[in-house]
Amino acid sequence: MGEHFDKALVFTDLHIVAEGEDIITLDPLARFAEGLKHALNRHPDAQHLILLGDITHNGLPEEYARLAPVLAECPIPITVTMGNHDTRAPLQAAFPQAADANGFTQSALDLGPVRLLILDTHDYDNQAPLEQDGWLCDIRLTWLDAELARAAREAKDVVVFTHHPPCPVGFWAMDAIGLANSEALLSRLHAAPHVRHLICGHIHRTIHASAGGLPVSILKSPCHQIPMILGQGTSADSVDEPGAYGILLALEGTIVVHTEDFALSDGAVHGGA
Ligand SMILES: [Fe+2]
């Protein structure tokens, strides 16, 4: 008998566009719908669905609205946060539960023994130097401080989620638009020994990293990916490779992040190989 892991599904960088539009000929809504159906079929025991930013491509109300019928099929609670492509008012209109008391899309929830802290790194007032990079303002960092202290008091391990990774990953154009004040985040996480793992999006590529010793998992998009060309290119460069979602397994003392390329096979399992 194996250990029981509590489980959450994580999709990032959906990039939903308006009806009739595409991204490098791909239909982001169809890709997400296929991925979500796959995930819910394969993981009926998942307890949460987390949407980790860049929900839409242009931040338009009609783009968010297209998600409603797909998410209506989802029987588990949904937690959403923002990426650089999102805009706050339409996202919070589509997901009213996403807004916190300060008007940001940050939330804390429990996955079995582990507290998930989902941060909002959208740079809403252009404090970061570039348009697409991320920022955590004092209000959001104060919220994080309070949640880290609460988790410590309650003896909870913590997994943190941010759309923008706080460390460079080798794609220069993406590194230029990472979390601009990453030290403000990492100094807090490094000072909190109960923080076990960080999960990010933004890059559109499966990446394993450590940021000052903190393990980081970066997940692919269900739609378009960044080409595996390190050290050159632009943040808009995209390639049609299989879409993916993440599966977070939480056990006291152990955090596991799987990534599933949902269009790679029909799932038929063959013995005797
Ligand atoms: Fe993205």
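All ligand and atom numbering here is 1-based and tracks the order in the structure.
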>> Within the supplied structure, the quantity of interest is the number of heavy atoms (other residues, nucleotides, ligands) at a distance under 6.0 Å from D45 CG; does it exceed 12?
In response: yes
>> Measuring only between side-chain heavy atoms, which start at C-beta, is F32 closer than 4.5 Å to H15?
In response: no
>> Under 2.8 Å from the Fe ion (ligand 1), is there any N, O or S atom belonging to H202?
In response: no
> Of all N/O/S atoms in D13, which lies nearest to the Fe ion (ligand 1)?
Replying inline: OD1
>> If I take every N, O or S atom of H204, is at least one of them less than 2.8 Å from the Fe ion (ligand 1)?
In response: yes
>> As a test of reading the structure, name the N/O/S atom of D54 that is nearest the Fe ion (ligand 1).
In response: OD2
> Quick check: are there more than 12 heavy atoms from other residues, nucleotides or ligands sitting under 6.0 Å from CD of Q97?
Replying inline: yes
>> In terms of relative ring orientation, are H202 and H164 parallel, tilted or perpendicular, with 30° and 60° separating the classes?
In response: tilted
